[in-house]
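Note that ligands are numbered from 1 as they come in the structure, with each ligand's atoms numbered from 1 the same way. Numbers for residues simply follow the sequence, beginning at 1.
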Amino acid sequence: MNENEIRKEILFLKNITHIYNQDHQKIKVLDNINVRVVRGEMVALIGPSGTGKSTLLNIAGLLESPTFGSVSLAGQNCKNLNEDLKTSLRGSEVGFIFQSHRLFPEFSAIENVMIPQLIMGEPKLKAEKKSKELLSVLGLQKRLNFRPAKLSGGEAQRVAIARSLANSPNLVLADEPTGNLDPISAKNVFEILYKLVKSLNISCLIATHNYDLAKLMDRSIVLKNGSTNNN
Ligand code: ADP
Ligand code: MG
């Protein structure tokens with residue numbers, strides 16, 4: 001790889017093996033996986049339930065350390081980072097979207113998008129302005145003060161997308177983000193996420209077991225028996 005390609009590389013999971021210990025049994029969930037994601041790419045991580053998609057996303061987002069192998073995020077090798085440094089790298093580089101929106105129920109849409117920015121030390125007014133802009137791009141300018149319970153599933157998931165982008169991450173990790181939605185809302189949420197990833201020129205890795213959705217992305221990585229099709 002030349003220097004240009006290294007600079008474009010947002011995520012590199014190298015020789016990742018992950019073993020869970022459960023009931024005195026060792027379960028190898030990921031077996032020597034290599035994944036590279038470059039800037040501007042939307043990549044599907046596809047495979048049936050239980051194949052380790054969520055585990056891989058958690059490792060990519062530094063929520064979990066792999067048993068073996070290394071993670072590079074935005075050019076930084078994370079192997080020897082302590083928890084504080086991992087938290088700060090995660091906060092600035094990664095946005096997460098989950099299957100259920102996981103918004104704070106007692107806060108409004110705009111507050112939910114402000115919270116990650118406030119945690120990163122942004123001033124309140126700046127966080128508010130950015131949240132308004134993001135929610136407007138997502139077509140939610142009339143829902144700013146609604147709490148999650150007053151939003152439809154698709155709207156709540158769009159707020160979750162706005163929240164994932166709140167700290168201008170380079171990488172969005174989405175774990176079955178449309179899995180709980182009806183087909184029309186799912187398509188709508190996917191399309192809006194796709195457009196945003198492309199217009200912001202960031203990267204996105206999306207776990208899904210939906211092959212039709214995967215076909216709409218730039219490329220797919222298929223997880224099967226702990227391995228991928230691209231090792
Ligand atoms: P997927 O997201 O593709 O459904 P997961 O990554 O959630 O797959 O899980 C992969 C496998 O690892 C499953 O067999 C699951 O039971 C197991 N697993 C996941 N998390 C844990 C854990 N914290 N402890 C033990 N086993 C786990
Ligand atoms: Mg999962």
Check ligand 1 against Gln22 and write out every atom of the ligand that is under 4.0 Å from a heavy-atom position of the residue.
-> 25 (C), 26 (N)

Candidate pair Asp175 and Ser54, rule side chain to side chain donor-acceptor pair (under 3.5 Å), full reasoning | CA-CA 6 Å; Asp175 199 349; Ser54 297; 2.6 Å; yes

Between Asn170 and Arg39: side-chain donor-acceptor atoms closer than 3.5 Å = yes

Just to confirm, does any protein heavy atom lie below 4.0 Å from atom 15 (C) of ligand 1?
-> no

Any atoms of ligand 1 less than 4.0 Å from a non-hydrogen atom of Ser49? List them with their elements.
-> 4 (O)

Just by distance, do the side chain of Ser203 and the backbone of Val38 share a donor-acceptor pair under 3.5 Å?
-> yes

Lys/Arg-Asp/Glu bridge criterion (N-O < 4.0 Å) met for Asp218, Lys198 | yes

Give every protein N, O or S atom lying under 2.8 Å from the Mg ion (ligand 2), naming each by residue and atom.
-> Ser54 OG

Pair Arg219 + Glu41: basic N to acidic O under 4.0 Å = yes

Check each of Thr55, Leu56, Val29 against atom 5 (P) of ligand 1 and report the one with the nearest heavy atom.
-> Thr55

Looking just at side-chain N and O atoms, do Ser72 and Lys79 make a donor-acceptor pair shorter than 3.5 Å?
-> no

State whether Glu191 and Lys195 are salt-bridged, where the test is any N-O pair (Lys NZ or Arg NE/NH1/NH2 against Asp/Glu carboxylate O) under 4.0 Å.
-> no

So does Glu133 pair up with Lys130, basic N to acidic O under 4.0 Å?
-> no

Go through ligand 1 atom by atom and flag the ones less than 4.0 Å from a non-hydrogen atom of Lys53.
-> 1 (P), 2 (O), 3 (O), 4 (O), 6 (O), 8 (O)

Check whether any protein heavy atom sits under 4.0 Å from atom 2 (O) of ligand 1.
-> yes

Classify the angle between the aromatic ring planes of Phe96 and Phe98 as parallel (below 30°), tilted (30 to 60°) or perpendicular (above 60°).
-> parallel

